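One structure below.
The basis for the numbers below is simple: all heavy atoms, side chains too, and nothing from hydrogens, waters or symmetry mates. As the structure is a prediction and not an experimental result, all values here were calculated from the model.
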Amino acid sequence: MQPVRDFFAGVGFFFQGLGWVARHGRWWLFGLIPALIAFAIYVAALVYLGNNAMELADWMTPFADSWGWRDAFRVMIAIVIFAGGLALAVVTFTAVTLAIGEPFYEKLSAAVDPLPGEVEQPWWKSIPRSIKDSLVTLGWVLMFTIPLFFLGFIPVVGQTVIPVIGAAISGFFLTVELTTLSLERRGLIRRQRFAVLRASKPSALGFGVAVFLLFLIPFISVIAMPAAVAGAALLVRDRLSPAPTEAP
């Protein structure tokens, strides 16, 4: 089926990006700098969350004080809290890293996907716009992931169906974030970028889900970030490839 082929084609663009940065080691090292900074911030935040997850679980479940199995229940809640924090970290890591490394990744994306006659935007214009767009995207992510977090408490469904839905949603929005650089350079505003990705949803999902699953592995998110940016540029150039247009 064509959607399935498109999904795996999207997965393939990540590996194409990996191949590109492997052949251009200088760009890989260049792209690691902001990813390392963001990774250090997230490690500190997750360590703090892990150390305080039980206290949060106690605070969230005062109704369980009289239960005979309250300790086991609260351990489960603490695990869910940490897992939710980890999933949120995966979803937001890309946005934060791109915001920190906007000048780095703009140059990397342009090297992978050069556009004739392109005029480079000054960083003091591109960074505020990037942060604004990332906050809007984060709002959409939270609108979906917060309900999924609570649905995760449903027995069986919460441990099978909900994680798959969550990975698909998180993957799509990761693709939104990563393709922003190349699509912006073509003059597309946020609404147009979403429309382009919705029109190629299987490819967008394939690419984003592959990145999401890799980003769940500690430290792989740092190593893979330059490859993800390069793969997104190749996805735009070879699969989405909208004609350059003027932003309204």
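- Here the CG atom belonging to L240 is positioned 6.5 Å from the CG atom belonging to L183, to the nearest 0.5 angstrom.
- In plain terms, the two heavy atoms of I81 and A53 that are nearest each other are CD1-O, 4.1 Å.
- Taking each heavy atom of V21 and P226 in turn, the nearest pair found is CG1-O, 3.7 Å.
- Once rounded to the nearest 0.5 Å, the distance linking CD of E106 with CZ of R185 reads 6.0 Å.
- Considering all non-hydrogen atoms of both residues, A168 and V209 come closest at CA-CG2, 4.0 Å.
- Under the 4.5 Å side-chain heavy-atom criterion for Ile, Leu, Val, Met, Phe, Trp and Tyr, V75 and F82 are members of distinct hydrophobic clusters.
- How far CZ of F14 is from OG1 of T175: 12.0 Å, rounded to the nearest 0.5 Å.
- Residues F63 and W59 share a single hydrophobic cluster, defined by chaining ILVMFWY side chains whose heavy atoms lie under 4.5 Å apart.
- Residues M54 and M60 are members of separate hydrophobic clusters, defined by side-chain heavy-atom contacts under 4.5 angstrom among Ile, Leu, Val, Met, Phe, Trp and Tyr.
- Using a 4.5 Å heavy-atom cutoff, the side chains of W27 and V112 are not in contact.
- Interatomic distance, T160 OG1 to I162 CD1, rounded to the nearest 0.5 Å: 8.0 Å.
- W28 contributes a side-chain N or O that, together with a main-chain N or O of I223, makes up a donor-acceptor pair within less than 3.5 Å.
- The side-chain heavy atoms of I165 and F144, taken from C-beta on, include no pair separated by under 4.5 Å.
- For the pair A38 and F93, the tightest heavy-atom approach, listed with the atom from each and the gap, is CB-CE1, 3.8 Å.
- Side-chain N or O atoms of R23 include one that pairs as donor or acceptor with a backbone N or O of G19 at under 3.5 Å.
- To the nearest 0.5 Å, atoms OG1 (T97) and CG (L178) are separated by 9.5 Å.
- Under a 4.0 Å N-O distance rule, the pair R70/D65 does not qualify as a salt bridge.
- N52 contributes a side-chain N or O that, together with a main-chain N or O of Y48, makes up a donor-acceptor pair within less than 3.5 Å.
- Checking side-chain atoms of T179 against main-chain N and O of A232 turns up no donor-acceptor pair under 3.5 Å.
- Note on ring orientation: taking the six-membered ring where Trp is involved, the planes of W20 and H24 are parallel (angle under 30°, cut-offs 30° and 60°).
- Side-chain atoms of E177 do not come within 3.5 Å of backbone N or O of L174 as any donor-acceptor pair.
- Among residues two or more places apart in sequence or in another chain, the side chain to side chain donor-acceptor pair (under 3.5 Å) test is passed with T92 by Y42.
- Placement of L216 and V43 within a single hydrophobic cluster is found when ILVMFWY residues are connected by side-chain heavy-atom separations under 4.5 Å, directly or transitively.
- The shortest side-chain heavy-atom distance between R186 and R193 does not fall under the 4.5 Å cut-off.
- Between F194 and F172, the ring planes are tilted. Angles from 30° to 60° get that label.
- Here the side chains of L181 and L108 are not in contact, with every heavy-atom distance at 4.5 Å or above.
- At a threshold of 4.5 Å between non-hydrogen side-chain atoms, the residues V196 and L188 count as touching.
- Under a hydrophobic-cluster definition in which Ile, Leu, Val, Met, Phe, Trp and Tyr are linked whenever side-chain heavy atoms come within less than 4.5 Å, directly or via other members, V164 and L205 are assigned to different clusters.
- The nearest pair of heavy atoms linking G85 to L49 is CA-CD2, 3.8 Å.
- Atom CE in M225 sits 4.5 Å away from atom OG1 in T94 (nearest 0.5 Å).
- The shortest side-chain heavy-atom distance between R239 and L234 does not fall under the 4.5 Å cut-off.
- Inter-residue side-chain proximity for N51 and V47 is flagged as met; some heavy-atom pair is nearer than 4.5 Å.
- What you find for Y105 and P34 is that their closest heavy atoms are OH-CG, 3.3 Å.
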